[in-house]
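Since we're looking at a predicted model, the values are computed, not measured. For ligands, and for the atoms within them, numbers begin at 1 and follow the listed sequence. Just the heavy atoms: all of them, side chains too, but no hydrogens, waters or symmetry mates, feed the values below.
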Amino acid sequence: MQGSGRRTVVGKVPVVMEGLYASVIPKIQYMRVTVISPEIHTYGAMLIGGVLRDAGYEVDLKTELAAREATPVLLSLYSTQHLISPAIRHFVAAHRAAGGAVYVGGPVSAAPEIVLGELSPDAVCVGEGEETVLRLLEEGPHEGISGCAWTDKGAMRFTGPAPPAPMHRPLPLIPPDIGSQDIRGASAYIETHRGCIGACTFCQVPRFFGRSVRSRDLGDVLAEVQAFKDAGAKRLSVSGGTGSLYCCSPDGAVNDEVFAALLEGMAAIMGPKNISSPDIRVDCISDTVLDAIRDYTIGWVFFGLESGSNRVLRLMGKGVTAEVAARGVEACREHGLKVAGSFIVGYPTETEEEYEETRDFIAMNSLDDVFVSIAEPIPSTPLADLVLRTPREENPVYMPHTGEYSSLHLTEAEARSFDLQQHADLFKPGLHVVTDEVFSAYLAGVRKDGEDVRRVTELLFSYYGGR
Ligand code: SF4
């Protein structure tokens with residue numbers, strides 16, 4: 001199978017490329033290309049759009065599944081659900097039938113065999129795609145391009161993940177409607193660094209970007225913030241779960257002065273009320289970090305707390321105990337910050353007693369906001385391996401719930417998620433009444449989460465076997 005983008009030449013004026021990536025493609029280019037990230041303009045899609053623009057391409061950046069006939073498409077997919085979406089599968093097949101190549105990249109590329117098996121694109125751009133996409137568009141997939149997987153005579157060919165991309169790169173291609181985008185309160189999430197020192201077993205970040213942190217130049221980040229503001233972005237946030245690891249030392253020690261300078265610089269451009277708090281690890285805070293969040297953002301900290309059980313936290317590879325997490329929450333309060341936390345329920349082997357420890361943690365720490373999700377086995381993570389080793393009848397995502405909510409016909413994981421959301425409302429500051437409407441919304445939400453996680457689990461079983 002091949003998919004050279006050369007099949008479509010639509011531009012009229014040759015563009016001489018002088019950008020950062022010009023050395024990897026020819027000097028004259030006429031190509032139009034469509035970059036699609038379903039539903040939202042992701043930072044990754046905007047970044048790839050910027051790389052292509054600077055390399056001389058005419059780029060259509062879209063959130064809907066549509067492209068001109070026969071133009072090459074880069075499909076940037078960020079959720080495993082995209083791999084089992086009939087609409088995306090249909091789009092890929094129809095676009096290829098119309099003569100356009102389709103290349104898939106983004107976080108889903110960590111499992112190229114599933115991408116190829118489910119969507120049948122021309123190729124998968126595996127790992128950090130800034131350089132690979134340019135060569136794929138120009139040459140189609142072949143053994144000489146790293147970070148590339150495709151199907152040949154029914155078998156997968158894979159050249160291994162792309163090497164880490166340079167952190168100095170073009171400005172993203174920012175769509176004119178960026179100001180109307182609202183992703184958890186922000187128009188966009190700015191990437192300040194890649195990689196994480198953590199090893200959380202459910203998380204793809206250290207597998208995709210590595211465990212050493214590579215940071216961008218502060219001037220580059222602030223130039224980008226200015227570009228987003230000029231394009232109409234209303235509020236920006238720092239992307240990823242490790243905000244304060246920006247410019248950390250090789251052993252992961254927080255460089256709090258540089259982090260504070262980052263937030264101060266962003267606030268000087270956008271205004272502090274338009275910078276939202278970065279997600280951070282509870283063991284990556286300091287007085288300077290928390291003061292900077294208070295002074296230069298809307299004043300919220302978001303922690304991935306996950307569980308109140310130390311055994312489950314160990315199983316998750318969080319690297320912190322519930323006691324350390326509680327001290328982190330307390331430190332935020334002492335610095336005048338509000339604290340939100342996310343929790344994961346239904347991790348394989350999580351017992352009822354361990355779930356109760358999570359309830360107790362929430363009761364004792366009165367978080368200002370709480371987000372609950374069911375453990376989702378993202379392909380390529382250790383959690384996915386654990387799920388594959390866990391018989392369905394022992395996995396809370398499948399086990400029928402027989403307790404308090406048995407009349408609602410939930411699974412154990414769904415029941416815990418449903419229960420924890422209502423429980424958290426009781427302990428948030430202020431009055432939070434669980435009305436019939438809220439009850440129904442929580443119930444519908446956990447049912448959908450449970451169904452989504454089971455679909456991903458079945459996908460894993462179908463590719464890697466299971467019990
Ligand atoms: S700290 Fe956050 S980004 Fe790092 S591995 Fe854990 S969940 Fe992932």
- Message: When you measure from atom 4 (Fe) of ligand 1 to the N, O or S atoms of C203, does any of those distances fall below 2.8 Å?
- Response: no

In terms of its nearest heavy atom to atom 1 (S) of ligand 1, the top option of E306, K318, R281 is R281

| message | ring-ring contact (aromatic ring centres under 6.0 Å, His included) for F371 and F303? Distances and angles first, verdict last. | response | CA-CA 10 Å; F371 301 88; F303 285 138; over 10 Å; no

If you compare C196, G198, G319, G317 by their heavy atoms, the one closest to atom 4 (Fe) of ligand 1 turns out to be C196

Salt bridge (charged side-chain N to carboxylate O under 4.0 Å, His left out) pairs touching residues 413-425, sequence neighbours excluded, are E350-R416, E352-R416, R359-D419, E412-R416, E414-R454, D425-K428

Q. For residues R311 and T349, is any side-chain donor paired with an opposing acceptor at under 3.5 Å?
A. yes

Check your understanding: Under 3.5 Å, is there a donor-acceptor pair between the H168 and D220 side chains?
Key -> yes

One finds that the ligand 1 atoms under 4.0 Å from a non-hydrogen atom of T242 are 3 (S), 4 (Fe)

Atoms of ligand 1 under 4.0 Å from any heavy atom of P206, numbered from 1 in the order shown, are 5 (S)

inquiry  = Tell me whether the rings of H82 and Y78 are parallel (<30°), tilted (30 to 60°) or perpendicular (>60°).
reply    = perpendicular

Review point. Counting backbone and side chain alike, does C200 bring an N/O/S atom below 2.8 Å of atom 6 (Fe) of ligand 1?
Key: yes

At under 4.0 Å between heavy atoms, what of D279 touches ligand 1? The answer is neither

Considering only distance and modelled atom types, tabulate donor-acceptor pairs under 3.5 Å from the side chains of residues 338-348, sequence neighbours left out.
from: Y347; atom 1: OH; to: T201; atom 2: OG1; distance (Å): 2.4

